[in-house]
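One structure is given below, encoded as structure tokens.
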Amino acid sequence: MNCQTLNNNIRLEEVLASLGHLPVKCNEKEAWFFNPFGLETEASFKIDRHKNVWYLFSEGKGGKTADFIVKYFNCSVSEALSWAEEKNFNFSFQKQNDLSKANINITEVKPLSNYYLKKYLKSRGISSKSYHLLNEVKFTISNRKLYAIGFRNLSGGYELRNSFYKGCTSKDISFIQKSDASISVFEGFIDALSYLEFTTSNAESLLILNSVSMLEKAKTQLQNFSSIRLFLDNDKAGERSKNEILSCFSNAEDCSKLYEGYKDFNDFFIDKQKTL
């Protein structure tokens, strides 16, 4: 496969569906999604369904299918092509109604044991002491068999991650109860696990947004705590989420200065490990 084949024959909507991203609204000409690269409260990612191109209004950037995969996984073009070949996408544009029928079907959930999933966690700085918070999830999307690390949310769904896959079965916040007084807030579970690896106290509860669309539900949970510490991403979406929580809770504290200059806590944690 080359870039021309990928861009001309594989529908962007199928790629997003395989990653667990479904449209917020769509019509004959276009489909709108929440930003698949970050957390946002508005659908700012648009696909032109006829031209099969995307544009992210919050960043002023866009491109074709190959560009999306490269940006999504922060990988090379050759890696993007290899990933697309492995997924065995249909080499024709799907009917526009097909996307609404795309579902993730879980076939098995078990304790984490897969070598490649453990290797992926290690690459993100996560050790075996976090395995008890995770599962190994096997699932299918459009008859394609996949497996990933699963992190459970309050609705019983899973955030799913492996080296080439980022998706979910359903969106909800995740919660790790430890303290009734203090709580730390993260955007993603990899950042939360990095924090557990990094800190020596591990005394506070953790709340993981998983999606900024869950921010209102998160606020309800945060009302129960006297101390709120924010470890959100150092980007526009993280800044907006942080400011909203700070404006609602006088007992909230921004802790992002700890990892200033890094995209998120996990990037900071990985870099710090290199110096140990």
Side-chain angles (χ1 to χ4, degrees), residues 1-22 33-40 44-47 52-56 58-59 61-90 102 104 114-126 134 136-137 139 141-142 144-151 158-169 171 186-191 193-194 210-212 233-238 262-271:
M1 184 188 294
N2 55 35
C3 283
Q4 184 176 1
T5 301
L6 176 59
N7 293 332
N8 294 341
N9 293 281
I10 296 177
R11 182 175 284 279
L12 270 164
E13 290 173 88
E14 185 182 3
V15 174
L16 266 79
S18 76
L19 298 168
H21 300 287
L22 299 178
F33 298 75
F34 289 119
N35 181 1
F37 309 117
L39 301 176
E40 294 181 357
S44 65
F45 184 89
K46 184 184 81 169
I47 287 179
N52 199 41
V53 296
W54 60 273
Y55 189 81
L56 181 58
S58 60
E59 293 186 4
K61 297 179 180 178
K64 299 182 179 181
T65 306
D67 302 312
F68 172 82
I69 298 171
V70 167
K71 180 174 174 62
Y72 191 86
F73 292 115
N74 190 26
C75 65
S76 66
V77 173
S78 62
E79 288 173 326
L81 295 174
S82 296
W83 178 83
E85 286 182 342
E86 186 177 296
K87 295 302 175 188
N88 193 28
F89 291 113
N90 293 325
I104 296 176
N114 184 278
Y115 167 79
Y116 294 103
L117 296 181
K118 290 180 178 180
K119 183 178 179 181
Y120 168 71
L121 286 173
K122 185 177 180 179
S123 73
R124 304 297 297 270
I126 309 302
L134 304 168
E136 183 176 323
V137 180
F139 57 101
I141 300 177
S142 302
R144 290 189 296 275
K145 295 181 179 180
L146 302 167
Y147 61 88
I149 297 156
F151 184 72
Y158 291 92
E159 291 292 312
L160 301 170
R161 297 288 187 278
N162 62 35
S163 298
F164 290 102
Y165 182 85
K166 180 181 180 183
C168 65
T169 60
K171 278 296 179 188
F186 300 85
E187 291 189 31
F189 75 87
I190 295 293
D191 291 322
L193 296 182
S194 300
N210 292 322
S211 169
V212 84
D233 291 3
N234 287 322
D235 57 16
K236 291 181 180 179
Y262 297 89
K263 177 184 179 296
D264 53 33
F265 194 91
N266 180 248
D267 278 358
F268 157 77
F269 178 59
I270 290 173
D271 191 50

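If you're wondering where the values come from, they're calculated on a predicted model, not measured in any experiment. Note that these values count all heavy atoms, side chains included, but never hydrogens, waters or copies made by symmetry.
With Lys171 contributing its side chain and Asn210 its backbone, the two residues share a donor-acceptor pair below 3.5 Å. Remark: the backbone N or O of Arg11 is not paired with any side-chain donor or acceptor of Glu14 at under 3.5 angstrom. Put simply, the side chain of Arg161 gets close to the backbone of Gly167: a donor and an acceptor are under 3.5 Å apart.
For the pair Leu146/Leu160, no side-chain contact is recorded, criterion being any heavy-atom separation below 4.5 Å from C-beta on. Side chains of Phe34 and Ser211 form no contact here, defined as non-hydrogen atoms less than 4.5 Å apart. Two residues are said to be in side-chain contact when any heavy atoms from C-beta on lie closer than 4.5 Å; Ile270 and Tyr262 fail this criterion. A heavy-atom distance below 4.5 Å is found between the side chains of Phe45 and Leu16. Counting heavy atoms from C-beta outward, His21 and Tyr72 have side chains that approach closer than 4.5 Å. Residues Asn162 and Tyr116 have side chains not in contact (no heavy-atom distance under 4.5 Å, counting atoms from C-beta outward). No side-chain heavy atom of Ser194 sits less than 4.5 Å from a side-chain heavy atom of Phe186.
The line from CG of Leu134 to CD1 of Ile149 is 6.5 Å long, rounded to the nearest 0.5 Å. Here the CZ-CD1 distance, from Phe189 to Ile126, works out to 9.0 Å after rounding to the nearest 0.5 Å. Distance CG/Leu12 to NZ/Lys46: 13.0 Å, rounded to 0.5 Å. With values rounded to the nearest 0.5 angstrom, Asp264 atom CG is found 12.5 Å from Phe269 atom CZ.
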Could you check Ser58 against Asn35 for side chain to side chain contact (heavy atoms under 4.5 Å, CB included), going step by step and ending with a plain yes or no? CA-CA 8 Å; Ser58 60; Asn35 181 1; 4.1 Å; yes
Verdict with supporting geometry, Leu6 and Ile69, side chain to side chain contact (heavy atoms under 4.5 Å, CB included): CA-CA 10 Å; Leu6 176 59; Ile69 298 171; 4.1 Å; yes
Begin from the C-alpha positions of Asn52 and Lys64 and carry the test side chain to side chain contact (heavy atoms under 4.5 Å, CB included) through to its verdict. CA-CA 7 Å; Asn52 199 41; Lys64 299 182 179 181; over 6 Å; no
Between Phe37 and Lys61, does a side chain to side chain contact (heavy atoms under 4.5 Å, CB included) hold up when you go through it step by step? CA-CA 12 Å; Phe37 309 117; Lys61 297 179 180 178; over 6 Å; no
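Aromatic ring pairs are classed by plane angle as parallel below 30°, tilted from 30° to 60° and perpendicular above 60°; the pair Trp83 and Phe73 is tilted.
Remark: Phe139 pairs with Tyr165 by the ring-ring contact (aromatic ring centres under 6.0 Å, His included) rule, at least two apart or across chains. With sequence neighbours excluded, the residues that form a side-chain contact (heavy atoms from CB on, under 4.5 Å) with Lys119 are Tyr115.
Partner of Arg124 under the side-chain contact (heavy atoms from CB on, under 4.5 Å) criterion, chosen from Ile190, Asp267, Asp191, Leu193: Ile190.
Residues Cys75 and Ala80 come closest through the heavy atom pair SG-N, 3.8 Å. Annotation for Glu187 and Asp235: closest pair OE2-OD1, 4.5 Å, computed over non-hydrogen atoms. Residues Cys3 and Val77 share a closest heavy-atom pair of SG-CG1, 3.4 Å.
Side-chain contact, Thr5 with Asn2: a donor N or O sits under 3.5 Å from an acceptor N or O.
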